[in-house]
Amino acid sequence: MEKSVANEKGRIKRVVIAGGGTAGWIAAAALSKKLGEILDITLVESDSIGTVGVGEATIPPLRTFHRLLGIDEQAFMRATQATAKLGIAFENWGREGERYIHSFGKTGTSAWMCDFHHFWLRGKQMGFDSGIGDFCLEHQAAEAGRFAAGPKSPLNFAYHLNATQYAAFLREFSEGYGVTRVEGTIHDVRQNSQTGDIESLLLEGGREIDGDLFIDCSGFRGLLIDKTLRSEFEDWSHWLPCDSAIPLQTRATGPAMPYTRSIAEASGWRWRIPLQERIGNGLVYCSRYLADDAATSLLLERVDGEPLTDPRVIRFTTGRKKQTWKNNCIALGLSSGFIEPLESTSIHLIVTGIVRLLQLFPFTGVEPSLQQEYNRQTQRELEDIRDFIVLHYHVNQREGDVFWDHCRQMDIPDSLAQRLDLFRERAHAYQNNDELFRVDSWVQVMLGQGLQPQSFHPLTQMMTEQEMQQLQSGLRAQVAQGVNALPPHHEFIRQYCPSSAPVPA
């Protein structure tokens with residue numbers, strides 16, 4: 001295998017990021033903060049090319065990323081109209097009229113031999129009627145609309161944020177660490193005739209941007225990883241059939257609750273993401289079962305508040321690039337693939353992609369071993385998340401809707417089938433090494449959508465009814481005490497991080 005141009009020239013010094021938006025500026029922020037003293041980092045973006053801009057709900061690991069970069073939470077939340085997110089309320093996903101919350105907290109107290117949900121199932125068998133969410137602080141705080149941040153906060157939380165303003169916030173941060181932003185539209189990509197490595201980006205107007213390593217943040221267009229390097233795409237639409245989304249922003253009509261809403265509809269689902277002064281809404285659907293005009297009408301009928309934007313249809317295909325790192329190019333964000341927005345993993349995958357690059361950075365040149373390990377870790381991460389998303393669609397009891405009947409009856413990945421069998425037969429749930437979603441997440445979704453285990457761990461049978469009652473009542477009391485100590489979410493946000501940004505996106 002021939003050495004790349006970067007190997008022949010020695011150390012990689014020039015990194016070029018193709019595209020801005022959330023992906024581009026997350027990459028720029030991380031690289032400039034951690035490697036800015038030894039790298040020349042250039043980001044190319046065009047003001048005339050819009051971004052998708054619908055990834056406005058996040059998950060808790062983003063807070064770790066912010067701490068890694070030294071980002072001030074209050075400044076970030078003010079700049080992005082951010083509110084708190086303690087979980088996602090799923091409505092109508094099991095059966096019509098049913099609701100559960102996938103919260104970010106830990107449920108109950110586990111023994112080393114088995115997790116708390118086994119004890120909960122045993123209590124249910126004994127006649128105790130508590131919901132499993134009664135034993136989770138984040139779940140109950142979300143229901144009560146209470147929240148507090150800060151170093152003493154016991155809560156595990158994420159954010160709702162304005163994606164456009166988040167990119168602007170990170171741009172200012174990155175430029176402070178030396179990132180050069182070039183305004184322009186990429187007209188052509190020039191490659192080395194022998195190795196196929198990318199050598200430069202040619203912009204409209206004739207300017208050429210040379211680099212040693214390129215990061216493709218050009219969204220669904222995939223200008224580098226797809227159009228130039230032709231990385232093969234693995235299609236997952238047979239497991240995740242939704243292929244369309246319509247975002248719509250509306251003016252807020254009341255205090256923001258600290259959770260996202262996901263509401264199942266006949267041919268897909270709606271999201272509702274409350275920011276400080278507006279609501280991010282949208283509809284995800286399968287165009288085989290719902291026409292675009294009908295989807296737009298449905299969304300407009302369902303939203304509250306004055307529309308601030310016009311609805312637009314975004315097409316996508318779920319799946320991944322088999323090589324997210326190919327030659328001297330790494331794809332981040334939508335250019336690397338797309339699962340779908342159901343569990344708010346889009347921004348998280350951008351973050352893990354750039355953190356993985358920092359850990360495997362090719363300082364002395366691109367080597368196959370680095371590429372292979374990067375791609376292996378990326379594949380494992382995406383497949384684990386894919387299985388968790390497919391779970392929501394497959395384990396449903398919405399009989400009579402053609403779309404949901406299809407999802408319930410479709411074949412699923414073997415890895416997910418094994419998980420479902422383990423839970424159905426023994427109530428066993430697990431989290432792989434480096435897997436994003438915890439045991440509590442799997443349990444909340446499986447139970448929430450009606451998957452009832454046939455048995456549970458025998459260890460729980462060693463507890464008497466009185467001991468079980470004492471355990472559950474004590475845990476409920478602890479959670480209630482914790483919730484009562486929290487202020488109302490909207491009051492905390494108003495005091496802690498009132499928006500410094502205008503309402504429109």
Proximity of [X] and [Y] rings by center, below 6.0 Å:
{"X": "W404", "Y": "W93", "value": "yes"}
{"X": "F135", "Y": "F116", "value": "yes"}
{"X": "F403", "Y": "Y285", "value": "no"}
{"X": "H102", "Y": "F388", "value": "yes"}

- Would R67 and T64 satisfy side-chain hydrogen bond (donor to acceptor under 3.5 Å, both in side chains), going step by step from the backbone distance to the final call? CA-CA 5 Å; R67 287 194 292 269; T64 302; 3.2 Å; yes
Please check this pair: side chain of [X] against backbone of [Y], looking for a donor-acceptor N/O pair closer than 3.5 Å.
{"X": "H489", "Y": "A84", "answer": "yes"}
{"X": "S174", "Y": "A29", "answer": "yes"}
{"X": "Q249", "Y": "L308", "answer": "no"}
{"X": "E45", "Y": "V182", "answer": "no"}
{"X": "T83", "Y": "P274", "answer": "yes"}
{"X": "S32", "Y": "G36", "answer": "no"}
{"X": "W120", "Y": "S130", "answer": "yes"}
{"X": "D115", "Y": "H117", "answer": "no"}

For [X] versus [Y], what's the shortest heavy-atom pair and its separation?
{"X": "L290", "Y": "S267", "value": "CB-CB, 3.9 Å"}
{"X": "V179", "Y": "A28", "value": "CG2-O, 3.9 Å"}
{"X": "C329", "Y": "D216", "value": "SG-CB, 4.0 Å"}
{"X": "G108", "Y": "L475", "value": "CA-CD1, 4.2 Å"}
{"X": "I246", "Y": "W271", "value": "O-CH2, 4.2 Å"}
{"X": "T318", "Y": "L240", "value": "OG1-O, 3.1 Å"}

- What residues, two or more places apart in sequence or in another chain, satisfy side chain to side chain contact (heavy atoms under 4.5 Å, CB included) together with A480?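 Checked A480 against side chain to side chain contact (heavy atoms under 4.5 Å, CB included); zero matches.
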Does this structure show an ion pair linking [X] with [Y], if we count only N-O contacts that are shorter than 4.0 Å?
{"X": "R419", "Y": "E435", "answer": "yes"}
{"X": "E265", "Y": "R270", "answer": "yes"}
{"X": "E91", "Y": "R261", "answer": "yes"}
{"X": "E234", "Y": "K321", "answer": "no"}

Any donor-acceptor pair under 3.5 Å linking the side-chain atoms of [Y] with those of [X]?
{"X": "T324", "Y": "N375", "result": "yes"}
{"X": "R272", "Y": "N281", "result": "no"}
{"X": "T260", "Y": "H160", "result": "yes"}
{"X": "D243", "Y": "S287", "result": "yes"}
{"X": "Y496", "Y": "E491", "result": "no"}
{"X": "Y393", "Y": "E340", "result": "yes"}

With a 6.0 Å cut-off (strictly less than), is the heavy-atom count around [atom1] of [X], excluding the residue itself, greater than 12?
{"X": "K124", "atom1": "NZ", "result": "no"}
{"X": "D434", "atom1": "CG", "result": "no"}
{"X": "D293", "atom1": "CG", "result": "no"}

- Sort and list the pairs that fulfil salt bridge (Lys or Arg N to Asp or Glu O under 4.0 Å) and have at least one residue in residues 131-145, not counting sequence neighbours.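 Checked against salt bridge (Lys or Arg N to Asp or Glu O under 4.0 Å) - neighbours excluded - the pairs reaching residues 131-145 are R99-E143.
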- Taking only residues at least two apart or on different chains, which pairs with a member in residues 381-392 satisfy salt bridge (Lys or Arg N to Asp or Glu O under 4.0 Å)?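 Only R356-E381, R380-D384 qualify under salt bridge (Lys or Arg N to Asp or Glu O under 4.0 Å).
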- Query: So T58 and H348, side chain to side chain contact (heavy atoms under 4.5 Å, CB included) or not? Walk me through it.
  - Reply: CA-CA 7 Å; T58 64; H348 172 77; over 6 Å; no
- Query: Among all residues two or more places apart in sequence or in another chain, which pass the salt bridge (Lys or Arg N to Asp or Glu O under 4.0 Å) test with E172?
  - Reply: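 In terms of salt bridge (Lys or Arg N to Asp or Glu O under 4.0 Å), with neighbours along the sequence ignored, E172 is linked to no residue.
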- Task: Could you check R181 against D47 for salt bridge (charged side-chain N to carboxylate O under 4.0 Å, His left out), going step by step and ending with a plain yes or no?
- Result: CA-CA 12 Å; R181 177 188 182 273; D47 290 333; 2.8 Å; yes
Heavy-atom check, side chain of [X] versus side chain of [Y], under 4.5 Å:
{"X": "L170", "Y": "I71", "result": "yes"}
{"X": "L486", "Y": "L155", "result": "yes"}
{"X": "I314", "Y": "S244", "result": "no"}

- Audit row: R398, E96, salt bridge (charged side-chain N to carboxylate O under 4.0 Å, His left out) steps and yes/no: CA-CA 7 Å; R398 293 177 56 98; E96 191 78 27; 2.9 Å; yes
- Query: When you measure from the centre of the six-membered ring of W236, is the NZ or CZ of R320 under 6.0 Å away and within 45° of the axis?
  - Reply: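 Checked: cation-pi criterion not met.
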- Task: Would you please name every residue forming a ring pair (Phe, Tyr, Trp, His ring centres under 6.0 Å) with H139, sequence neighbours left out?
- Result: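 H139: no ring pair (Phe, Tyr, Trp, His ring centres under 6.0 Å) contacts found.
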- Task: Using the test ring pair (Phe, Tyr, Trp, His ring centres under 6.0 Å), find all partners of Y177 that sit at least two apart in sequence or belong to another chain.
- Result: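 Listed in chain order: F173.
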- Begin from the C-alpha positions of T317 and D235 and carry the test side chain to side chain contact (heavy atoms under 4.5 Å, CB included) through to its verdict. CA-CA 7 Å; T317 302; D235 192 325; 3.6 Å; yes
- Item | CG-CG distance between N156 and L86, expressed to the nearest 0.5 angstrom |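 CG of L86 is found 9.0 Å from CG of N156.
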- Query: Would S344 and K85 satisfy side chain to side chain contact (heavy atoms under 4.5 Å, CB included), going step by step from the backbone distance to the final call?
  - Reply: CA-CA 11 Å; S344 310; K85 178 184 175 185; 2.8 Å; yes
- Message: Using the side chain to side chain contact (heavy atoms under 4.5 Å, CB included) definition, which of the options Q165, M77, Q276, R278 pairs with S499?
- Response: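 The single option meeting the side chain to side chain contact (heavy atoms under 4.5 Å, CB included) with S499 is Q276.
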